[in-house]
Amino acid sequence: MKKLNIVVVGTLASDPYAGMAWMHMQMVVGLLRLGHHVYYFETTSTWPYNPELGMRVNNSDYAIPYLKSVVNRFGIADRWAYRCSFSEDKQWFGLNKNKAEDMLANADLVFNISAATRFLQEELKVGRLVYFGTDPVYHEIKYAQGDVKVKDLVDE
């Protein structure tokens with residue numbers, strides 16, 4: 001089997017709860033165990049939640065150290081990226097901007113967990129994009145009913 005380059009895009013650091021870490025890292029670990037080269041990226045423009053302050057904040061002071069801690073525990077310490085899409089400079093952490101954007105554009109698969117990122121809105125090029133819903137049936141029903149917002153989200 002050919003080893004694929006796969007990027008999992010989610011909101012693990014923006015919503016730093018145990019369940020979010022479990023949800024995203026189970027994808028990463030499963031794909032690693034299948035023998036693929038797996039990366040975890042976060043590129044959402046939503047302000048991250050800081051549990052120490054109990055609110056969403058316009059900085060990544062909590063999010064980035066938390067993300068580093070999680071990815072280190074799951075064996076991808078050198079394969080993560082966090083883009084401060086909510087800031088004016090859109091600074092990248094982890095992988096540098098060129099490497100991260102190249103991975104998104106050229107990966108064999110990019111899993112967008114629960115539509116964590118709207119790539120067109122973020123002006124990020126992405127190759128083979130896979131929408132991976134985590135709320136069973138919700139988006140499928142809304143899509144079938146013609147909900148414009150959900151159709152745009154899934155069709156991207």
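Sequential numbering from 1 along the given sequence is applied to the chain's residues.
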Enquirer: How long is the straight-line distance from CG of Leu31 back to CG of Leu4, given to the nearest 0.5 Å?
Expert: 9.0 Å
Enquirer: Do the non-hydrogen side-chain atoms of Lys151 and Val148 ever get within less than 4.5 Å of each other?
Expert: no
Enquirer: Which pair of non-hydrogen atoms, one from Glu42 and one from Ala13, has the smallest distance, and what is that distance?
Expert: OE1-N, 2.9 Å
Enquirer: How is the hydrophobic cluster of Val137 composed, in terms of its other members, when Ile, Leu, Val, Met, Phe, Trp and Tyr link through side-chain heavy atoms under 4.5 Å apart, directly or indirectly?
Expert: Ile141
Enquirer: Is atom CD of Glu123 surrounded by more than 12 heavy atoms (other residues, nucleotides or ligands) closer than 6.0 Å?
Expert: no
Enquirer: Who else is in the cluster with Met55 when I, L, V, M, F, W and Y are joined by side-chain contacts under 4.5 Å?
Expert: Leu53, Val57
Enquirer: Side chains of Thr46 and Ser14: closer than 4.5 Å at any heavy-atom pair?
Expert: no
Enquirer: Counting neighbours of CZ on Arg56 that are heavy atoms of other residues, nucleotides or ligands and sit closer than 6.0 Å, is the number greater than 12?
Expert: yes
Enquirer: Quick test of your reading: applying ring pair (Phe, Tyr, Trp, His ring centres under 6.0 Å), list the pairs with at least one residue in residues 121-156, sequence neighbours left out, ordered by first then second residue.
Expert: Tyr131-His139
Enquirer: If you take all heavy atoms of Pro16 and Pro51, which pair is closest and at what distance?
Expert: CG-CD, 3.7 Å
Enquirer: For residues 61-76, which side-chain donor-acceptor pairs fall under 3.5 Å, sequence neighbours excluded?
Expert:
unit_1 : atom_1 : unit_2 : atom_2 : d
Ser69  : OG     : Arg73  : NH2    : 2.8
Asn72  : ND2    : Lys68  : O      : 3.1

Enquirer: So which pairs with a foot in residues 95-109 pass salt bridge (Lys or Arg N to Asp or Glu O under 4.0 Å), sequence neighbours left out?
Expert: Lys2-Asp108, Lys97-Glu101
Enquirer: Apart from Phe41 itself, which Ile, Leu, Val, Met, Phe, Trp or Tyr residues share its cluster (side-chain heavy atoms under 4.5 Å, direct or through members)?
Expert: Val7, Val9, Tyr39, Trp92, Leu95, Met103, Leu104, Val110, Phe119, Leu124, Val126, Leu129
Enquirer: Just wondering, do Val38 and Met27 contact through their side chains at under 4.5 Å, heavy atoms?
Expert: no
Enquirer: Would you say that Thr11 contacts His24 through its side chain, given a criterion of any heavy-atom pair below 4.5 Å between the two side chains?
Expert: yes
